[in-house]
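Comments concern the structure below.
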Amino acid sequence: MLRFSQNSHYKLSFLVLVLWVSHLVDSKSGFELDEPLTYLWPLPSEFTSGNQTLTVDPTLSFSALGKGGNSKILIEGFERYKKIIFKHVSGISLFGKSRGIRSVYDISELRFIVNSDSEELQLGVDESYTLFVAKKDGKSIVGEATIEANTVYGALRGLETFSQLCAFDYETKSVQIYKAPWYIKDKPRFAFRGLMLDTSRHYLPIDVIKQIIESMSYAKLNVLHWHIIDEESFPLEVPSYPKLWNGAYTKWERYTIEDASEIVSFAKMRGIHIMAEVDVPGHAESWGAGYPDLWPSSTCREPLDVSKSFTFDLISGILSEMRKIFPFELFHLGGDEVHTDCWTSTPHIKQWLNDQNMTAKDAYQYFVLKAQEIAISKNWTPVN
């Protein structure tokens, strides 16, 4: 095992930086520090480029063909990315026109061809796309910039890649595309590309969660694993069991069902799934703030009481409410770090174990499988 002190960590970071800069100026790398670089992330599966530099019109227009061309997801995505691409140009273009600065651009339109009008977002949805960017010369059938995809979500991924090709030039104060013409044919290597967010241990406001989702789209991540509930707090509203969110840190650090629905809708507009997690039977002490009967005892508070039907009725109620909010086919049930001492030391649970002829380990298995059955009954695929 390698061990680094804080000082050696800084030295290592500096060494990496030096090596990286050396690579850039190395004649073998083909790049110089002052040469425009194009960074694509993740690297597309197939691409070719050239040696031209194209300018992009700050009034870039949208056009669409195909069954999915009028999708709200696509139209709003285009407007969103247009603000990102031209964030430095917002006031310059009007100023430039009054001064007689450039009014002819190589790329003035971004065309989309979306073959399907389905906006269903499930695991494995087609996210492939092709992107062609070239100077319009009157000979090309495609012309300027074209993204073709089978679904609107593939079109969004292509739009992200197009935005990465666009770079602001501080000398000309214009957006340019280097190393054109570009031909990119891309699809994800993995159907599930996730980021886990724990808002039980660290409450995050809705706007912050949205910023994280937005940043995920820039790296083409497509699953937010939302670990909403844990032993520290229960911030989510469950209408059928209204005392559950008594386990929130404070009454201000909560998520209403409308908040959760808003997060799901916001994510879908960016082609991102929300996989919710309710961790059982361990990591559930916060549940008992509203319903103490879920605890094995008042002094031994987790795992959840395996001996009571109320425990499983409540889990079923939570999952029924959450199914109305979270359409993604996967639901995470946690299941880790279950220390069963409270079961074997609490008299009524110890008696139940004896009656069922179960060890604590058997009861752990029983609980996990029963929770899975509940999730499956709600048309979810359980994850542990």
Side-chain angles (χ1 to χ4, degrees), residues 17 19-63 77-93 95-97 101-113 128-149 154-187 215 217-220:
L17 178 63
L19 291 173
W20 178 71
V21 171
S22 299
H23 172 72
L24 288 181
V25 298
D26 185 351
S27 60
K28 295 180 182 179
S29 71
F31 293 125
E32 298 294 338
L33 282 177
D34 59 350
E35 183 179 347
L37 300 178
T38 300
Y39 295 104
L40 296 177
W41 180 261
L43 194 66
S45 53
E46 297 178 39
F47 65 93
T48 61
S49 61
N51 54 16
Q52 299 176 357
T53 297
L54 309 182
T55 56
V56 186
D57 191 340
T59 63
L60 185 71
S61 63
F62 168 95
S63 70
F78 173 79
E79 293 300 328
R80 188 168 64 248
Y81 273 99
K82 191 173 177 181
K83 291 177 181 178
I84 294 171
I85 293 168
F86 300 106
K87 63 182 178 181
H88 293 298
V89 189
S90 55
I92 294 175
S93 57
F95 176 79
K97 286 180 180 178
I101 299 175
R102 175 192 296 278
S103 59
V104 178
Y105 298 88
D106 299 313
I107 305 294
S108 58
E109 178 184 84
L110 181 56
R111 178 187 298 175
F112 295 87
I113 303 171
S128 65
Y129 67 91
T130 57
L131 169 61
F132 182 76
V133 182
K135 187 173 184 178
K136 195 170 184 179
D137 57 7
K139 300 176 183 178
S140 172
I141 298 175
V142 180
E144 298 196 350
T146 301
I147 295 171
E148 182 170 4
L156 285 180
R157 305 302 175 226
L159 188 52
E160 168 60 33
T161 300
F162 177 78
S163 75
Q164 293 178 11
L165 293 178
C166 295
F168 182 71
D169 185 284
Y170 285 85
E171 297 296 324
T172 63
K173 295 186 178 180
S174 64
V175 172
Q176 300 184 352
I177 295 177
Y178 304 113
K179 302 188 181 303
W182 284 92
Y183 174 77
I184 297 172
K185 185 176 182 180
D186 195 18
K187 62 181 179 180
S215 68
S217 70
Y218 303 153
K220 300 189 178 80

Inset, instruction - Would you confirm whether the ring centroid of Phe62 sits within less than 6.0 angstrom of the ring centroid of Phe112? - result: yes
Inset, instruction - Could you go through the side chain to side chain contact (heavy atoms under 4.5 Å, CB included) check for Lys220 and Trp41 one step at a time? - result: CA-CA 8 Å; Lys220 300 189 178 80; Trp41 180 261; over 6 Å; no
Legend entry - Heavy-atom closest pair, residues Asp106 and Glu144: O-OE2, 3.7 Å
Inset, instruction - Starting from the C-alpha separation in whole Å, work towards a yes-or-no answer on side chain to side chain contact (heavy atoms under 4.5 Å, CB included) for Thr59 and Glu109. - result: CA-CA 9 Å; Thr59 63; Glu109 178 184 84; over 6 Å; no
Legend entry - Residues forming a side chain to side chain donor-acceptor pair (under 3.5 Å) with Ser128, sequence neighbours excluded: Asp126
Inset, instruction - Give the intermediate values and the outcome of side chain to side chain contact (heavy atoms under 4.5 Å, CB included) for residues Ile107 and Val133. - result: CA-CA 8 Å; Ile107 305 294; Val133 182; 4.1 Å; yes
Legend entry - 4.5 Å side-chain heavy-atom contact, Tyr183 and Phe47: no
Legend entry - Where Ala134 and Leu54 come nearest, the two heavy atoms and their spacing: C-CD1, 3.8 Å
Inset, instruction - Pick out which of Ile85, Ile84, Leu110 makes a side-chain contact (heavy atoms from CB on, under 4.5 Å) with Leu159. - result: Leu110
Legend entry - Straight-line distance of Ile147 CD1 to Arg111 CZ, nearest 0.5 Å: 12.0 Å
Legend entry - Tyr81 side chain to Glu160 side chain, donor-acceptor N/O pair below 3.5 angstrom: yes
Legend entry - Heavy-atom pair with the smallest gap, counting every atom of Ala149 and Gly154: CB-C, 3.6 Å
Legend entry - Shortest non-hydrogen contact from Thr55 toward Tyr105: OG1-CA, 3.5 Å
Legend entry - Gap separating the OG1 atom of Thr53 from the NZ atom of Lys179, nearest 0.5 angstrom: 8.0 Å
Legend entry - Heavy-atom closest contact (Cys166 atom, Val56 atom, distance): SG-CG2, 4.3 Å
Legend entry - Atom of Pro44, atom of Ile184 and distance for their closest heavy-atom approach: CB-CG2, 3.6 Å
Inset, instruction - To the nearest 0.5 Å, tell me how far Arg157 CZ sits from Leu131 CG. - result: 14.5 Å
Legend entry - Separation of Ser174 OG from His88 NE2 (nearest 0.5 Å): 12.0 Å
Inset, instruction - Working to the nearest 0.5 Å, report the span between OG1 of Thr161 and CG of Leu40. - result: 6.5 Å
Inset, instruction - Drop me the distance from Lys82's NZ to Phe162's CZ, to the nearest 0.5 angstrom. - result: 11.0 Å
Inset, instruction - Applying side chain to side chain contact (heavy atoms under 4.5 Å, CB included), run through Tyr178 and Asp169 and close with a yes or a no. - result: CA-CA 10 Å; Tyr178 304 113; Asp169 185 284; 3.4 Å; yes
